[in-house]
Every structure is written in structure tokens, then in C-alpha cells.
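Lettering follows sequence order; numbering is per chain, from 1.
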Amino acid sequence: MALQLTEELNPEQADAAAAIYGPLLIIAGAGSGKTRMITYRIAYMLEQGIPQSEILALTFTNKAAEEMAERIQLVTGRPLKKLTASTFHAFGLSVLKKHGSLLGYAQHFTVYDQQDQMSMLKAVLTELRIDTKETDLYELAGTISAVKTGRAQFSGDNLSIRPIFEEYNAHLKLYNAVDFDDLIMQPLALFSRNPEVLEYYRKKFQYILVDEFQDTSLQQYSVVKQLAEKHRNICVVGDDDQSIYSWRGADYRNIIKFEEDFPECREIKLEQNYRSTGSIIKIANSLIRNNTNRKDKNLWTGTGNSGIIALFHPEDEQEEADFIGDKIRELLIRNHLRYDNFGVLVRTNNLITGIERAFLAASIPYKVSGGQSFFQRKEIKDVISYLRILANPDDDMSLLRIINTPKRGIGKSTLEYLRGLSEKHGYSLFSALTAVSHAADVSIRESIRIKASELVEHIENYKRLVFSSKKFGPIVSDMLSSISYKNHIIAEHPGNENLAQWKMKNIDIFINIINNWENNPDSMKKGLYDFLNSISLKGKSEPDQERGKVNLMTIHASKGLEFQTVFLAGVEDHIIPHKRAIEENPESIEEERRLFYVAITRARENLFMTSARTRKVMREQTDSQPSRFLEELPKDVIGKVKEDTVADSSAAADYFAGIRARLGAGRD
DNA sequence: TGGGATGGGGTTTTT
DNA sequence: CCCCATCCCA
């Protein structure tokens, strides 16, 4: 293979890629070729004869993990079956699967996502006879998570939560389920209680790489720190300016901790930006300068000041969406671009809908990432719940979802009775259902008993089939037709044929996902358990990665991506910086600024920002103020386009952009 | 008792 | 605008 690092990389990148022994901290600015460097680094390690199985590459999102594996494969040209490139949570899951029995975990547990968590929390509250209306479930879940991960302790003002906390965890155990926090915390518990397990992983993973280090939580850092403490071959890559997950426990102070824990570490900065024009870098630098808590860094680029940076003040969100649509059309034709050259970024999910509608009306092909994940859609979640019940009948939350979907006449009071039964005997809802279905019970009407036993039989039957057949995909579609799930969808949406059709299409897509997953020869994993594990951690993955579509997403979801032209919508003061974030913690203004920074630096050439004068908030059209961050951008760069002359001055700039495109400067 | 109708309310970001 | 909770009717 003979890699020539110095030919493929700039001096700093090559330096970083070749320093494979000892601790290394890499500060990688936006667009500085970080992924490229990492790819070559790992390829170089493999070339040096380091076995794939000794490398652990951890990232933050699935997207990043997949991309990393893909790129390395591309450079090295060899299959990477033994390389571990995954998210922290997926890694934690694999540890728990392998050694979880030491902590009393059954072999096949269910991973609860936030939705499941919330509904379980609700169930816990009802059981404890606590009014669910009086409690802020959101806040409660946050506190539980904070306590669980050691970010908070029980003290005077939240002591009342303790019984809920304990009941919550007891429920997880009873249902044979774990939540996302468990995927980090339980491996840590395992390491401290069973040093031989820690030793096993220390030996196994001699080389550790952490990407997006600024987004790791203290607990996640603790995991890798423990793993690397002995061999000290650990490389962390991050950019404190792009730390945007502090609300979830991410702590950029990890960078400082790393320097303390590994005092002999080298530090390399990647500051040359290969992505954006000089103007984009200029406004990005000018913005981020206003943050106080950051490593000194100077992002620069050799590219000139081309492209358009424009601010537009539409009257309302309707005009904003239309403007974006029109502009995309215009640039598309003029600059010979493709739809997927455009990224439309927003701060909050609910802003996506309006733009989506405008695109729909204008027949602009688009795809939404972020927002509600495919796997969280109601109809998909229903199907997943059926699968989860087959895999783990004790999973009460999933059973609750499907017990009366489609309608079986098992309603509120029957459920109440079943719940009482399971509480009394300390077993799961499914056990209660089974008990009821087997024996006549005075409290249960015979017709309902029959329904219950039909359901139990149905589950048992398909459970058998799913595990005895070679492929479970066809069994799943068979099961869905046996319960007439599609009829159920139609019945659920009277008078909304389109919606029903769309949902049915989603079901078909889901079945296809199963089949593709099962038939993928590269995958070593097979069977229902592995499938469920793989999707439970895929919060936001996209089933259709079709090209040729405008990318519509939240800023958070856009991290790591780049677009020739970026539209940043809703650049208003209550949206970014987000009103509630600031109210909760005034210090988060810096994180909001980083968000803005991330958004800007996604653009290669053109950046259009829109700040509507009014916006509909809860049915009411309310006045909006331009984001305060706009004042931190240099006027002369933005000045190219003034609000009321968007069309004219951008036309001039477009003209030049068009010429550049024809000269072949713009590529994709 | 279950299911349909009606009214009220509405998560910042994600594993 | 859509989802959920609650209420009331069959």
C-alpha cells in the first residue's frame, strides 16, 4: 500500500497521523480536514502492522462512525471486519452484552430510547400515585439522568425525586431494559467492580481514538481514560468551538482534564480550513472571537473572498420559506448545481415543517434529517414494539404499545387489572397476560380472556417462527399481515388517504431495511437480537440516502457536514440564541454562539441568512428581533446584499459565482 | 368497558 | 397543525 502521508496531508495533518504512540491531543478547526487526517492515521496504523482488532475508534454519532469506517476502507482497500469504530453508546452496549451478566443483566435486554423512557416514567408516577399533570416530566427525566450519570446528587431540593428514581431503575430491571445512560454508566460500574473485565479491554484495545472529543461527557471520558491509562496510546480529536452538546452532559473541560491526566501528551493544531471561502472564515472568526472560554486558535484559508453572504428579512415564515425555495431554484439553474448542494439549517425542529411545506408546494426535492427519526415514527415504533416483545416479552413498555394495537378490545380497565396483577406478583405484564389467558378469572370477561389468549398465542407462535427460521424479515411481514396492521393504519386515519398511504410505505421501507440488513454479507451480525440492538441506537439515521435532494435539518444534525450553499433560517433572537436556553442558564449564550458558528462553517461558498420580522408562535403572529449574533459579524462582508435588494446584488454576485463554476472552481 | 368525539396544549438540541 | 387526554356515549 505504501502510504505517503506527507503527500496526502499537510504538515500538521501528517504529523498528527504519524504520531501513533503516546497520548495526543488534536485541536481540529472546522473544515480542517480532520476526517481525512483520522482516516490516514488509522490506515497508517494498519500499514505499520497494528491489528485491526487492537484499534478502538469512538465517535459521537452513528453517522460519524459509519463514515469513518467507510473512508478507512476506501483508503486501505481492505475489509475492516475487526476494527471497532462505533459510538460510545454502541460500545457500551457491546460491553454490557458481553459482560453484563456480571451485573445481573439477562442476555437479551431492550434498550429504551427517550420515548420509552418517558412513558415508563409516566407509568412509574401513576404507580406511585403522583399526579402526572403537576410534574414536569421533561425536567424530571433530566434530573434522573443527571443523578444517574453523577452530574447531580440528591440534595435538599430534589430529595423528593429519590423514590421515583429508585422505582424507575427497578422498573428497568424488571422489564429487562436499559436506558441510554446505562450504556455508559453500567460499563463503568463493571470496570470498577470487576477489574478483570477492565483488564480484558485494556489488553484488547491498545490504540484508542476519540473523535468529537469536545462532545464527550465526563463519564464517557472516564471510560476511555481507564482503557488507555496503561498503554497510553490515546488520541483525542476535537474542536472546543464546536462543542454544542453540553445540555446532554458534554463537557469541553475534558480537553483540560486530558492534558492533566496525560501530561506527556503532544498537542497539534489543525488550523487551515479547506472548506470555505475567505469571507465565510472571516465572519466565523469574527463571531467566535466573542466567546471567552476557548482555546486560542486561528482558522485561516488560502481561498479568496468569493461567494455570497447575504441577510434577508422576510415578513413572516411563509415568505422566508418561499425565499429559500426560490433562491435554490435560481442558483440551481444559474450555477449548474444539484439539489444536494444545498443545506437548509434551522435551530429548532419545529421550523423544519414550514420550510418543508414550501418545498412540497414548489416541488423541490428535499430530505429531512434530524426531526423525527424514521425509527421513532408511530407506525414504525409499533412494529418495533412487536419485534421487541418477540425478543423480550418482559418489556412492558413495548407490550403496552401493542396490546391494543390494532384494537383488540383490551382497554383501560383490563389493563389496569393486568397491571395490578403484575405489581402484586412482581412479574411482567406479559406474564400477567399469560396467567389471565390460561385460567378463568372472575375479574376478566370471557370475551376478553379469549382475546388475551389469542394475543399470547400469537406472540408465542411468531416468537418461535422468528427464531427458528433462517431469515426473520419475511416472518415479520407475515406477522404484520396476520394482524392486518395496514387495515389498522387506514382505520386510524379516516379521510386522510395520503397519510395512511405514506405510513404504509414506511412500513414497507422498514421491512426492506430488515431484509437488507439480513442479507448484507458484510455484516457478521444476524438475527432479531442484533437487529434490534442496531436500530435502538440509531436515533436519527436516514433510510433513504438518495442524492439529488436539498438537505433540511437542525444545526445540531449538520455537524460534520458541508454544503456549497447554506441557508440559515430563523436567525432571530429568541430562536438563536434560544430564549429558553438562555433563561435556564445565561452562560449558555456561548454554546448558542458555537451553534451559530457551526452553522456558518458548514458553507463552502454561499451563506444566506434569513431573519423574519414576524413569526407564528403558537397560533399567534408575533414580532421577531434579529439575532444579536448578527451584530458580531463584520458589516463589510455581509454588506454585499442588503435586505431590500436581495435579488439585485445577489444577481451580481451570482454572475461571478456562475463564471467561477464554469471555470471549474466549484466542484463537488 | 371500550371506542370515538372533543378540547386543550405544545420539548432546543440527541445517543 | 397535530397529538394527547379526558369525557361521554353505545
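- Checking B:dT15, B:dT14, C:dC4 against the side-chain heavy atoms of A:His89 singles out B:dT15 as nearest.
- The A:Asn349 side chain lies nearest to B:dT13 when the options are B:dT13, B:dT1, B:dG4.
- For A:His578 and A:Ile410, each mapped to the nucleotide of DNA chain B holding its nearest heavy atom, the one lying further toward the 5' end belongs to A:Ile410.
- Per the stacking criterion (ring centres < 5.5 Å, plane angle < 30°), A:Trp247 stacks onto the base of B:dT13.
- For the OP1/OP2 pair of B:dT14 and a distance below 4.0 Å, the side-chain nitrogens and oxygens of A:Thr61 include no atom meeting the criterion.
- Residue contacts shown for A:Ile448 are limited to sugar-phosphate atoms, with no base heavy atom under 4.0 Å away.
- Nucleic acid contact for A:Asp181: none, since no nucleic acid atom lies under 4.0 Å from a heavy atom of the residue.
- Residue A:Thr414 has no polar side-chain atom (N or O) positioned under 4.0 Å from OP1 or OP2 of B:dT1.
- Between A:Asn350 and C:dC1 there is no side-chain N or O to OP1 or OP2 distance below 4.0 Å.
- Contacts of A:Thr610 classified as side chain to side chain donor-acceptor pair (under 3.5 Å), with partners at least two apart in sequence or in another chain: A:Glu320.
- Taking the six-membered ring for Trp and the full ring otherwise, the centers of A:His171 and A:Tyr168 sit at least 6.0 Å from each other.
- Among the nucleotides C:dA5, B:dT14, B:dT15, the one closest to the side chain of A:Lys122 is C:dA5.
- Using a 4.0 Å cut-off between charged nitrogen and carboxylate oxygen, A:Asp116 and A:Lys381 count as a salt-bridge pair.
- For A:Phe563, the ring pair (Phe, Tyr, Trp, His ring centres under 6.0 Å) test picks out no residue, with sequence neighbours left out.
- Atom CG in A:Asn404 sits about 8 Å away from atom C1' in B:dG2, given to the nearest Å.
- Among the heavy atoms of the strands lying under 4.0 Å from A:Tyr245 are primed sugar atoms or P, OP1, OP2 only; no base atom is included.
- Checking B:dT15, B:dG2, B:dT14 against the side-chain heavy atoms of A:Phe180 singles out B:dT15 as nearest.
- Nearest to the side-chain atoms of A:Arg248 among the listed nucleotides B:dT15, B:dG2, B:dT13 stands B:dT15.
- Comparing A:Gly409 and A:Gln117 by the nucleotide of DNA chain B that holds the closest heavy atom to each, the one mapping nearer the 5' end is A:Gly409.
- Between A:Ile144 atom CD1 and B:dT15 atom P there is a gap of 21 Å when expressed in whole angstrom units.
- A:Tyr175 and A:Tyr112 have tilted rings, their planes meeting at an angle from 30° to 60° on a 0 to 90° scale.
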